[in-house]
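Everything on this sheet refers to the single structure shown next.
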Amino acid sequence: MSSSSSSLSTTDAGTLRRDRILSSKLYFDVPLSKVPVIYSPSYDIAFLGIEKLHPFDSSKWGRVCRFLTTQGDLDKNSIVEPQEASKDDLLVVHSESYLNSLKCSATVARITEVPPVALFPNCLVQQKVLYPFRKQVGGTILAAKLAKEQGWAINVGGGFHHCSAETGGGFCAYADISLCIQFAFVRLNISRVMIIDLDAHQGNGPETDFSDDGRVYILDMYNPGIYPHDYSARRYIDQNVEVMSGTRSNEYLRKLDEALKVAGCKFDPELVVYNAGTDILDGDPLGRLKISPEGVTRRDEKVFRFARERNIPVIMLTSGGYMKSSARVIADSIANLSKKNLIDLGKHPG
């Protein structure tokens, strides 16, 4: 192929991507009675009990919201429900061939790390597994719009940071972070995004997708001794902060303080995408770190303070976390953000 035809096809692909983003229904106006907390009951995965074969708590998202509403921090009627990401939405980042691969139940079984999924008809897998994921993708994409309008947004889900345009894995079937950023570039007129990935695992999906894109700065603080061991993607991390198995709260938070200080000097973002996995908790079977629940609360507060003090819109995604206690820890941390006036959940004392 000649260089001229190659550049033409790249231009055509860019135009098609832009058209898909502009025609998407995932951005919609949200009433002022709502707060930028995004969740749908469709997020939660219940699939004949086989979801319990993976250590991930696939009812975590709903439990976070129930904790927040029952303890009086959030009115359930003020939660924003997103739209499902359509095929055209997903094609903004993913290829047709990748999306077609998800029509094979064995592929979904490999990505979700639940082998019995391979035995079910794909129509059932689409309904019970991939539809909840697509709703969460819609939530992550919408979060950027709400954050630009209100300063912050929390998708009580998403953070599928092991999925890139062409490859899924690690319970991540769609690249919601990459999609969110591509939508923000076009719809929000944003040109500089910082990803702060504090999940215990390396966020190799966005690192792969934005490997040659100077508009995206990636701070990734992760345990290098666990999945995904993606050494190729590590080359594209702008700020690589490794935390070894057994790291405790004080050391972790000290490293985070240093990392945020460096990031603030190196890059001036117009949007922060915060991947707030709770698999850093002490006892998490996959993260292998020893961070206390209070440590997670302080971590989240530090990131929100970093963004809010600089007037940078910030979105938070809940990402990984493989203990039942994660839901309570997330809810308590969100409540703390409200108490510290870093977010406004709309529940004011009379």
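As the structure is a computational prediction, the values presented were derived from the model and not from experiment.
- Applying the side chain to side chain donor-acceptor pair (under 3.5 Å) criterion to Asp88, with sequence neighbours excluded, gives no partner residue.
- The side chain to side chain donor-acceptor pair (under 3.5 Å) test applied to Asp213 returns Arg215, not counting sequence neighbours.
- Ring geometry for His94 against Tyr98 counts as parallel: the plane angle stays under 30°, on a 0 to 90° scale with 60° as the upper cut.
- A salt bridge links Asp268 and Arg192; the closest N-O separation between the charged side-chain nitrogens and carboxylate oxygens is under 4.0 Å.
- Listed by chain and residue number, Gln202, Asn204, Glu207, Thr208, Asp230 satisfy the side-chain contact (heavy atoms from CB on, under 4.5 Å) test with Ala233 (two or more places apart in sequence, or in another chain).
- Ionic pairing of Lys148 and Glu270 is not present here: no N-O contact between side-chain nitrogen and carboxylate oxygen is shorter than 4.0 angstrom.
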Apply side-chain contact (heavy atoms from CB on, under 4.5 Å) to the pair Val93 and Asp209, showing each step before the final yes or no. CA-CA 9 Å; Val93 164; Asp209 286 342; 4.1 Å; yes

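- Partners of Tyr222 by side chain to side chain donor-acceptor pair (under 3.5 Å), not counting sequence neighbours, listed by chain and number: Arg234, Asn240.
- Between the Arg299 side chain and the Ala276 main chain, a donor and an acceptor come within less than 3.5 Å of each other.
- In this structure, Glu84 does not pair ionically with Lys135, as no charged nitrogen and carboxylate oxygen lie closer than 4.0 Å.
- A donor-acceptor distance shorter than 3.5 angstrom exists from the side chain of Ser319 to the backbone of Gly159, with no hydrogens or angles considered.
- At a threshold of 4.0 Å, the pair Lys145-Asp29 counts as salt-bridged, since one of the basic side-chain nitrogens sits closer than that to a carboxylate oxygen.
- Ion pair Asp257/Lys302 flagged as a salt bridge, since at least one NZ, NE, NH1 or NH2 atom sits closer than 4.0 Å to an Asp/Glu carboxylate oxygen.
- Note on residues 287-296: pairs passing salt bridge (charged side-chain N to carboxylate O under 4.0 Å, His left out), not counting sequence neighbours, are Asp282-Lys290.
- Partners of Ser211 by side-chain contact (heavy atoms from CB on, under 4.5 Å), not counting sequence neighbours, listed by chain and number: Tyr236.
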